[in-house]
Amino acid sequence: MTDLLDMHGAGFGVVIEAYRGKDAGGGNVYGPPVEVAPVWVDERHRVLRAATGETVTVTATVYAAVATDCPVDSRVTLPSGQQIVALSVARREGGGFDVPEHVEIAGN
């Protein structure tokens, strides 16, 4: 399969702390910080439907390799230093076709 990032030569990374659930007190639990590179980052506002079904405005979208571990509610630190929470994560796989594959992480 063609990797979207290899195909277009993105050159910087983000840090992802994958959401792992809740602790006994109800607080969020995250995995260790993992640097993911290369990525594309689009820091602009857009409206989408979150995993919960509600319509939300996101402030940034990250395009990363399709194997990236980033469940909804993960923390993502962008190259600008801004930190977002993943509200929507979509895997774009080629299904056997030679098309760009990636994961799209949108949050605010």
Side-chain angles (χ1 to χ4, degrees):
M1 292 300 124
T2 302
D3 183 280
L4 177 69
L5 301 169
D6 286 343
M7 189 170 104
H8 294 288
F12 48 87
V14 297
V15 175
I16 297 175
E17 296 168 83
Y19 178 73
R20 297 295 182 227
K22 301 279 187 186
D23 63 19
N28 293 339
V29 176
Y30 299 95
V34 175
E35 186 169 353
V36 176
V39 297
W40 276 349
V41 178
D42 183 4
E43 289 191 62
R44 69 179 164 102
H45 291 77
R46 67 184 179 108
V47 177
L48 61 79
R49 189 161 311 276
T52 61
E54 66 184 307
T55 301
V56 296
T57 300
V58 298
T59 58
T61 304
V62 174
Y63 301 90
V66 73
T68 300
D69 178 24
C70 186
V72 169
D73 292 328
S74 296
R75 293 189 295 214
V76 181
T77 304
L78 306 176
S80 66
Q82 175 188 359
Q83 189 173 75
I84 63 171
V85 174
L87 300 175
S88 172
V89 178
R91 296 198 186 290
R92 310 294 190 194
E93 298 185 37
F97 293 98
D98 190 22
V99 296
E101 296 185 328
H102 62 282
V103 63
E104 180 180 315
I105 303 160
N108 63 8

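One is the number of the first residue; the rest follow in order along the sequence. Note that the structure is predicted; figures quoted are calculated from it, not measured. The figures that follow rest on heavy atoms only: side chains count, while hydrogens, waters and symmetry mates do not.
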Task: Minimal non-hydrogen separation, Pro71 against Ala18, with atom names - done: CD-CB, 3.8 Å
Open item on the list: Please report the interatomic distance CD(Glu43) to CD1(Ile84), rounded to the nearest 0.5 Å.
Closed with: 8.5 Å
Task: Atom pair CZ/OG1 of Arg49 and Thr55 - distance to nearest 0.5 Å - done: 4.0 Å
Open item on the list: So Leu78 and Val76, do their side chains get closer than 4.5 Å, heavy atoms only?
Closed with: yes
- [ ] Kindly compute the distance separating CD1 (Ile16) from OH (Tyr30), expressed to the nearest 0.5 Å.
- [x] 13.0 Å
Task: Test applied, side-chain hydrogen bond (donor to acceptor under 3.5 Å, both in side chains); reference residue, Thr77; option that passes from Gln82, Gln83, Glu17, Glu35 - done: Gln83
Task: From Val103, Val62, Thr68, residue fulfilling side chain to side chain contact (heavy atoms under 4.5 Å, CB included) relative to Val39 - done: Val62
Task: Contact check, side chains of His102 and Val66, non-hydrogen atoms, under 4.5 Å - done: no
Task: Co-members of the apolar cluster containing Val58 [side chain, <4.5 Å] - done: Leu48, Val56, Leu87
Open item on the list: So, taking the atom named CZ in Arg46 and the one named CG in Asn108, what distance separates them when rounded to the nearest 0.5 Å?
Closed with: 11.5 Å
Open item on the list: If I compare all heavy atoms of Ile105 with all of Ala86, which pair ends up nearest, and what's the gap?
Closed with: CG2-CB, 3.7 Å
Open item on the list: Donor-acceptor check, side chain of Arg44 to backbone of Thr61, threshold 3.5 angstrom: yes or no?
Closed with: no
- [ ] Would you give the length of the straight line joining atom CZ of Arg92 to atom CD of Glu101, rounded to the nearest 0.5 angstrom?
- [x] 12.5 Å
Open item on the list: Any heavy-atom pair between the side chains of Pro79 and Val14 that's under 4.5 Å?
Closed with: yes
Open item on the list: Contact between Ser88 and Glu104 at the side-chain level, heavy atoms closer than 4.5 Å - yes or no?
Closed with: no
Task: Asp42 to Tyr63 - nearest heavy-atom pair and separation - done: CB-CE1, 4.4 Å
